[in-house]
Amino acid sequence: MKKFDFSRIEKKWQEVWEKEGIYRTPSPSKDKPKMYTLVMFPYPSGAGLHTGHVRVYTGGDVLARFFRMKGYAVLNPMGWDAFGLPAENRAIKEKTTPQKIVPKNIANFKRQMKMLGFSYDWEREFSTTDPEYYRFTQWLFIQFFKMGLLYKREMPVYFCPSCKTGLAEEEVLENGTHERCGKPIIRKLLPQWLFKITDYAESLLETLPPLDWPEGIKKMQENWIGKSEGTEVKFQIPNPKLQTREIKVFTTRVDTVFGVTALVLAPEHPLVSEILNPKSKILTEEKRVEIKKYVEEAKKKLDLVRTDLSKEKTGVFTGLYAKHPLTGEKIPIWIADYVLGFYGEGAVMLVPAHDERDFEFAKKYGIPIKVVIVPEESAKRKAQSAKLEEAFVEYGVLVNSGEFSGLRSKEAIEKITKYLEERSLGRRKTQYKLRDWIFSRQRYWGEPIPMVYCSSCAEKKISFWDLKEGKEWLREIEHNMPEVYKNISRRIKEVKEDLYGWFPLKDEQLPLKLPEVEKYEPTGTGESPLAALKDWVETKCPVCGGKAKRETDTMPNWAGSCWYFLRFAQSSKFKVKSSKLEEVWQSEMKNLRVWMPVDWYLGGAEHAVLHLLYSRFWMHALYDLGLVPVREPFFRLRNVGMVLAEDGRKMSKSLGNVINPDDVVAEFGADSLRVYEMFMAPFDQEIAWSTAALRGVSRFLNRVWQTFNSSDNLTERQEEEDKEAVAKLHKTIDKVSRYITDVKFNTAIAAMMEFLNFWTEKNASEKPRRLHVDDAKKFLQILAPFAPFLTEEIWREVFKEKTSIHLSSWPSIKKEFLKEEVITIPVQINGRLRATLRVSADELEEERVVEKALSLDKVKKYISDRPYKVVYVKGKILNFVVQS
RNA sequence: GCCGCGGUGGCGGAAUUGGUAGACGCGCAGGAUUCAGGAUCCUGUCCCCGCAAUGCGGGGGUGUGGGUUCGAGUCCCACCCGCGGCACCA
């Protein structure tokens, strides 16, 4: 018998499928509902696809193929996320350009994807680096700008002296090194574009619960946004020499406010800079130097590797006092680096008795510890003022708290907040951990930010919204979307000052192409390489016609991935003839309405927060502007687990344990690789590579091939068909259908293996089991999403089918085959299995089953004459509870 | 420290969600075929014990200890271990 020659066959079908265009996206209709399956698109690196890519893309492909056969109009696209540092760094190293590297990498990725038989609609392919694509990335940026969601501000950003580039905080590892190059980073003050993502914190939180995402991922997003409700309390500083009149603190435990024995400021707090100014003359020179030294140390510390030793809290007393808003007591003001400058107000009230960190700090510096909360039980006795061994951080009953003494914590929080609000000493406040998103990069290989800066307009304090164009835009929003307008105009007030002189490009000027340059290495000054291109940078101000400069920063990698799923859903022949991009976008709304949201989104859990949060944010904002039909981009999310090397470690070149898909396909074929990666473990679980297990899968596929190529197990005559095999087949179809949509690919394959074993076993009379060819084909069909090449070969070459198996309809199940005719009922005595009973499916009544069971010798033996109780779950189990 | 996920044979894992624990695959052992095999096929394979031993019977068993239940891998309580994330968030 001929062996399965996979390399010849795979090549043949790749070509045929392409020619026949079987994976082109059909138009959905009433009978053909839409199904948008998407896998996180890859960064086309020079190394080509790795086994992890194969895993997640195969998973997506199985779903797409399954839904296609189920009669859905499937959109299953693929593209490339090709801007960003790796290509740029590689180009620098190899003395070439990213423009030359990227297409090569893409071509290699695409070759490998075709080799693996992924059923993408290649007509929708694009790269984020295509000017036709980033023209709209830039246009979207401008929409966000107009909405007041962007502002420019000097920010202390992380900077990698080795890569000579500014970094987002997310690119810095815990140990203070750059995630790409591993070198230590420093901090540098640079003007940055920031996204006001914090303005959407509530919105992003609100729509999270109904999403069909892994609960863990949802929780991580929730924690990242980090909402907490509490009270802002004002402490006045009765010191006429100071400009700062008050210190605001945020607390979730205002019930402990009577226990405040100090205020602690972050080194970044405005009051700190004020008193450090030699001109202010608030402090003695000695004190000023002491504090200055501490603050500088603390700021450096942020940049240093955080060690366990640095965990001990340090601080310095300023010599200044604030007034307690409720008791009027003098409260000393300290500075300590454990208070963060960017969270809350950059200051906390120190309540040593009821916060562990405060307790530790107070002990160290001899600050008084005042108990104001006691456990409810001890409140009933007498408030004991015994020395605290540790902070009492739970809720309890207030003591030593003036008129609020005796209240329970929760009630006290309400009452004290109200009291403070009435006297303008505080207010209810919701605080988020989420911070605004630094969106500009001082790098070459990214989308140019389509903004122009005119210094003379800036001096005249002209902003975009002061122009006729800006006013008209706002008026239209106000007219059409009054609610949205409220938010936009509030934000504009907040950001306007930072944006005098900044004007967006006109639609017809887009795309603002990334100029080809000779030297695109980072400048080292922190500026983007684009800053060196005089001709490009210098331009005319669209407002006054004078000299103006282009923004030379580019967008981060995230920009392209924040809306690529929209682009796939828009028409594939998306050629922009009109320069009116708004019209072009609006004309595509019908397609977005058809396809969005993504029904199935697969990708690694490492994107749990950033990519998913950023794209959700863009969608929420675009929804407010009426530019997308839904708020949430991804209805259903499933994670894929990593593929580790055979030794259980990460695959890496330096360890020499990398498995290359090209090699595996050459030796075992694409189907074997696909089925193996789906079979090894649940999809979301990590797996270690095992070539031995891959052989097992390969053996299974070979047995499928042999079975369909021999006459032993097939028949054209209905009467020769093995009834048991048919019943088993239908059960298998049922299982596989359910397992696929449960993303339990491993058990789907196990079920098919089990079926093949049964089918090729001899029956009770030692004869081979035969299936009618029409039924045998059904088995091929359920295997087709996993092993597209092998099944197509048999479908068309053995069975001479004219059209692809992948366009065939998923086999339907006959319910009567799902029923067991004879059921095995376990018989237990006192919960221990003692026997099994084979009962026909129409004799499941308790009376009959018990009678039968009692006739079993084993059961008799255990019961003998003792009284018993019967627990019977129909068709499931029988348990005799016997007294001993 | 906090949050999330997990702990089942020699290994990867299965278990209809409270109802026969170990499906399927790997590995291993024995056999067939072969000049040969790291190819293919068949048989066996959770551990321990007993017997009139190719069979039959008994006991133990899902990280540990307790609990609920006729019945627990699954539910509850306490603890141990591993992985991932966040890390002074007031």
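The analysis underlying the following values was restricted to heavy atoms, covering all of them including side chains, and did not include hydrogens, waters or symmetry mates. First the proteins, then the strands, lettered A, B, ... as listed; each starts at 1. Computed from a predicted model, the values in this text were never measured in an experiment.
What separates CD of A/Glu646 from C1' of B/rG12 is a distance of 12 Å, to the nearest Å. Rounded to a whole Å, the CZ atom of A/Phe755 is 15 Å from the C1' atom of B/rC24. Regarding A/Tyr338, its OH atom lies at a distance of 13 Å from the P atom of B/rC88, rounded to whole Å. Rounding to whole angstrom units, CZ of residue A/Phe700 and P of B/rC26 are separated by 11 Å. In this structure, CG of A/Asn830 is placed 10 Å from C1' of B/rG71, rounded to the nearest angstrom. Regarding A/Ile225, its CD1 atom lies at a distance of 20 Å from the P atom of B/rG85, rounded to whole Å. A/Asp742 has its CG atom 12 Å from the P atom of B/rU17, to the nearest Å. Rounding to whole angstrom units, CD of residue A/Glu268 and P of B/rC88 are separated by 13 Å.
The side chain of A/Ala750 sits closest to B/rA23 out of B/rG12, B/rA23, B/rU20. In this structure, of B/rU16, B/rC88, B/rC26, it is B/rC88 that holds the atom nearest to the side chain of A/Lys313. Nearest to the side-chain atoms of A/Pro826 among the listed nucleotides B/rA23, B/rU20, B/rU16 stands B/rU20. Ranking B/rC88, B/rG71, B/rG25 by closeness to the A/Met753 side chain, first place goes to B/rG25. Closest to the side chain of A/Ile877, from the set B/rU20, B/rA14, B/rA90, is B/rU20. Out of B/rC41, B/rC24, B/rG85, the shortest distance to the side chain of A/Arg703 is found at B/rC41. Comparing B/rC86, B/rC26, B/rA39 by their nearest atom to the side chain of A/Arg695 picks out B/rA39. Among the nucleotides B/rG71, B/rG58, B/rG12, the one closest to any side-chain atom of A/Ala681 is B/rG12. Side-chain atoms of A/Asn223 lie closest to B/rC3 of the nucleotides B/rA39, B/rG19, B/rC3. Distances from the side chain of A/Asn879 to the nucleotides B/rG71, B/rG58, B/rC26 place B/rG71 closest.
Figure legend. B/rC11 is base-paired to B/rG25; pairs are counted as Watson-Crick or G-U wobble with both atom distances under 3.5 Å. For B/rU54, there is no paired base (Watson-Crick or G-U wobble, both distances below 3.5 Å). Of all nucleotides present, only B/rG19 satisfies the Watson-Crick or G-U wobble test against B/rC70, with each distance under 3.5 Å. In a base pair of the Watson-Crick type (N1 to N3 plus N6-O4 or O6-N4) or a G-U wobble (N1-O2 and O6-N3), with each distance short of 3.5 Å, B/rC35 is matched with no nucleotide. With a cut-off of 3.5 Å on both Watson-Crick or G-U wobble distances, the partner of B/rC86 is given as B/rG1.
In this structure, A/Arg253 and A/Phe679 both approach RNA chain B, and ranking their closest nucleotides by distance from the 5' end singles out A/Phe679. Remark on RNA chain B: of its neighbouring residues A/Ile749 and A/Gly831, the 5'-side contact belongs to A/Ile749, judged by nearest-heavy-atom nucleotide.
Contacts of A/Pro214 with the nucleic acid, taken as non-hydrogen atoms under 4.0 Å apart, are absent. A/Gly696 comes within 4.0 angstrom of the backbone, heavy atoms only, and of no base. Residue A/Val351 is classed as having no contact, given no heavy-atom separation below 4.0 Å to the nucleic acid. Within the 4.0 angstrom heavy-atom criterion, base atoms lie near A/Val348. Nucleic acid contact for A/Lys744: sugar-phosphate only, since backbone atoms but no base atoms lie under 4.0 Å from a heavy atom of the residue. Among the heavy atoms of the strands, none lies under 4.0 Å from A/Ser690. Counting any heavy atom pair closer than 4.0 Å across all strands shown, A/Glu356 reaches no nucleic acid atom. Counting non-hydrogen atoms under 4.0 angstrom, A/Arg738 reaches nothing in the nucleic acid.
Considering only side-chain N and O atoms, A/Arg832 lies nowhere under 4.0 angstrom from the phosphate OP1 or OP2 of B/rU20. Phosphate proximity of B/rG38 to A/Arg699: absent, as no side-chain N or O sits under 4.0 Å from OP1 or OP2. A/Lys219 has no side-chain polar atom (N or O) that falls below the 4.0 Å cut-off from OP1 or OP2 of B/rC3. Note on A/Gln828: every side-chain N or O is 4.0 Å or more away from OP1 and OP2 of B/rU20. Distances shorter than 4.0 Å separate some side-chain N or O of A/Asn746 from OP1 or OP2 on B/rA14. Between A/Asn757 and B/rG25, a side-chain N or O to OP1/OP2 separation shorter than 4.0 Å is present.
Taking the six-membered ring for Trp, A/Trp224 and A/Tyr432 have ring centres at least 6.0 Å apart. The six-membered or imidazole ring of A/Phe679 lies away from that of A/Phe745, with a centre-to-centre distance of 6.0 Å or more.
In this structure, A/Trp689 and A/Met680 have side chains that are not in contact, with every pair of non-hydrogen atoms separated by 4.5 Å or more. With a 4.5 Å cut-off on side-chain heavy atoms, A/Glu222 and A/Lys227 do not count as touching.
Using atom C1' as the reference point in both B/rG12 and B/rC86, the two lie 31 Å apart (nearest Å). Only the P atoms considered, B/rG63 is 16 Å distant from B/rC81, to the nearest whole Å. Comparing the same atom, C1', in B/rG85 and in B/rC76 gives a spacing of 28 Å after rounding to whole Å. The gap from the C1' atom of B/rG37 to that of B/rA53 amounts to 37 Å, rounded to the nearest Å. To the nearest whole angstrom, the two P atoms, one in B/rA72 and one in B/rA21, are 10 Å apart. Atom C1' of B/rG7 sits at a distance of 11 Å from the matching atom of B/rG73, rounded to the whole Å. Rounded to the nearest Å, the gap between the P atom of B/rU74 and that of B/rC2 is 25 Å. Using atom P as the reference point in both B/rG25 and B/rA14, the two lie 15 Å apart (nearest Å).
By the neighbour-count criterion of 12 heavy atoms within 6.0 Å, atom CD of A/Gln685 is densely surrounded, having more than that number from other residues, nucleotides or ligands.
Classification of B/rU17 as syn follows from a glycosidic angle within 90° of 0. Classification of B/rG9 as syn follows from a glycosidic angle within 90° of 0. Nucleotide B/rA53 carries a syn base; the chi torsion (O4'-C1'-N9-C4 or O4'-C1'-N1-C2) is within 90° of 0. Under the 90° criterion around 0 for the glycosidic angle, B/rU68 counts as anti.
Rounding to the nearest 0.5 angstrom, the gap separating the CZ atom in A/Phe250 from the OG1 atom in A/Thr430 is 7.0 Å.
Side-chain atoms of A/Lys234 do not come within 3.5 Å of backbone N or O of A/Pro325 as any donor-acceptor pair. A/Ser690 places a side-chain N or O within 3.5 Å of a backbone atom of A/Ala693 that can act as its donor or acceptor partner. Remark: the backbone N or O of A/Ile333 is paired with a side-chain donor or acceptor of A/Thr318 at under 3.5 angstrom.
Side chains of A/Thr314 and A/Tyr294: a donor-acceptor N/O pair is present below 3.5 angstrom, by distance only.
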